[in-house]
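All of these numbers come straight from a predicted model, not from anything done at the bench.
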Amino acid sequence: MNVIMKKTRILQILLAVFTAGIFSSCEDDFTEKDALDAQQTIDLSVYVMNNFNTSGVSEASVSIIKDGNLVTAQTNELGIATFNDVKIGGGLPVTVEKEGFTKTQRLVNVSVSNFREGQFTTTVEIYSLTENTATVRGKIEIETDLTNEDSELVAAGTEIVALLNDNGINTVEITTTVDENGNYEFVLPANRAGLNYQINYPTLTIDQTIAKNRNEGEEEFPATIPEITTISTVFNPRGSAVSVPNVAPVFATLPVPTAADGRRGLIFIDGLDSDGGISDLDVIVNGTGYTPNTNIPVTITTLFGGSGDNIVWPTDANGNLQAEGNEEIISAGSGFPDFSNANRRSAQSPSLSTSLNVQTGEILVRDGNYGTGTSRAEEIE
């Protein structure tokens with residue numbers, strides 16, 4: 001009998017040691033406090049406050065994500081919406097909406113110093129869109145045709161966003177669109193001290209009308225003739241202007257010499273008369289290898305109109321172009337452009353108001369221009 005009791009006692013001791021080892025190992029990984037904390041929930045109160053006068057906003061709709069579901073409550077006469085049994089933790093999405101006010105979204109960190117506490121309160125500020133506001137309006141232009149002297153309009157429906165970040169707490173976005181006349185208007189929440197807004201404009205990609213001498217890699221004039229074309233162009237509101245080429249609006253060319261070893265003559269138009277006719281031509285490269293003692297026709301090419309010209313350049317007995325001043329202007333023509341560059345707009349960076357400070361009752365006018373483009377699909381000269 002004593003032997004049996006002794007064996008039983010030994011088994012009891014071994015079982016106690018084994019059990020203690022198990023609980024000791026578990027405590028190293030997950031404590032009783034951890035278990036309590038993991039199950040801890042709390043009642044959440046959301047106080048919705050009017051930013052202008054710090055009063056509570058009643059009948060506002062407050063939504064949170066609780067256990068993967070959208071749960072909504074209305075604020076009472078004090079501006080408070082309550083949610084029961086919300087898990088403690090960070091990153092709780094809270095959305096506040098009310099007609100006539102800005103929609104505000106925040107991530108709330110539901111935290112307490114003592115896990116036995118039963119309630120947590122957070123404040124969300126919203127802004128009136130009907131009272132205590134400022135008006136910002138303007139006209140947005142863009143240079144999508146560089147061959148004229150006018151600015152074009154940004155397309156109707158282009159979205160512009162005013163972003164309010166109040167001390168890094170509330171982020172509010174207010175969106176407006178440009179109308180068919182290029183005009184836009186914001187009604188923005190404001191206060192007496194002034195609220196700061198960041199204005200965001202979209203990056204636009206548009207086919208731009210532009211004059212070019214040639215594409216990169218192509219032969220120079222007169223092998224390649226200048227032209228007006230359209231090129232897909234990016235207008236980045238925060239970018240720098242890409243260069244705009246200088247292209248003659250009207251130019252003269254001579255044919256290729258008849259001799260294989262000849263040199264093609266180059267001339268340029270140096271003057272127009274009062275009717276827009278060709279009045280003066282200068283030699284850049286004296287041509288050789290042409291048919292001797294003949295008149296070489298001068299071809300006038302225009303990008304903007306003009307006609308009726310008839311000009312020839314004589315050659316000498318060796319087939320060389322005769323000296324400058326010996327050209328014969330049989331008919332000067334008329335209506336040729338008198339400006340020096342086919343691209344009437346030079347490179348222009350965006351000029352758009354990207355930051356605003358608005359005070360209650362203000363009416364601000366902020367016109368803007370996207371400029372002449374910040375990059376193009378083709379490299380041109």
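Minimum heavy-atom separation, Val242 to Arg376: CG1-NH1, 3.2 Å. Across Ala211 and Ala342, no two heavy atoms sit closer than the pair CB-CB, 3.6 Å. Scanning all heavy atoms of the two residues, the minimum distance from Tyr47 to Leu78 falls at CE1-O, 3.2 Å. Closest non-hydrogen pair, Arg192 versus Gln359, comes out as O-CD, 3.6 Å.
Under the side-chain hydrogen bond (donor to acceptor under 3.5 Å, both in side chains) rule, Arg214 has a single partner from Glu227, Glu381, Glu219, which is Glu381. For the ring pair (Phe, Tyr, Trp, His ring centres under 6.0 Å) test with Phe251, the passing option among Phe221, Phe336, Phe304 is Phe221; the others fail.
Side-chain N or O atoms of Ser279 include one that pairs as donor or acceptor with a backbone N or O of Leu272 at under 3.5 Å. Between the side chain of Gln208 and the backbone N or O of Glu143, at least one donor-acceptor pair lies under 3.5 Å. Not a single donor-acceptor pair under 3.5 Å links the side chain of Thr230 to the backbone N or O of Asp207. Of the possible polar contacts, none joining the Thr72 side chain to the Ile64 backbone as a donor-acceptor pair under 3.5 Å is found.
Cluster annotation: Ile88 and Val71 are assigned to the same hydrophobic cluster (Ile/Leu/Val/Met/Phe/Trp/Tyr, side-chain heavy-atom contacts under 4.5 Å, transitive). Transitive grouping of hydrophobic side chains (ILVMFWY, heavy atoms separated by less than 4.5 Å) brings Ile311 and Ile296 into a common cluster.
Proximity of Thr224 to Asn213: side-chain heavy atoms (C-beta onward) are nowhere separated by under 4.5 Å. Annotation: side chain of Thr253 is in contact with side chain of Ile225 (closest heavy-atom distance under 4.5 Å). Side chains of Pro202 and Thr158 form a contact here, defined as non-hydrogen atoms less than 4.5 Å apart. At least one side-chain heavy atom of Gln198 sits under 4.5 Å from a side-chain heavy atom of Thr354.
There is no side-chain donor-acceptor pair under 3.5 Å between Thr315 and Gln322.
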Check against ring-ring contact (aromatic ring centres under 6.0 Å, His included), Phe186 and Tyr197 = CA-CA 11 Å; Phe186 281 110; Tyr197 286 87; 8.2 Å; no
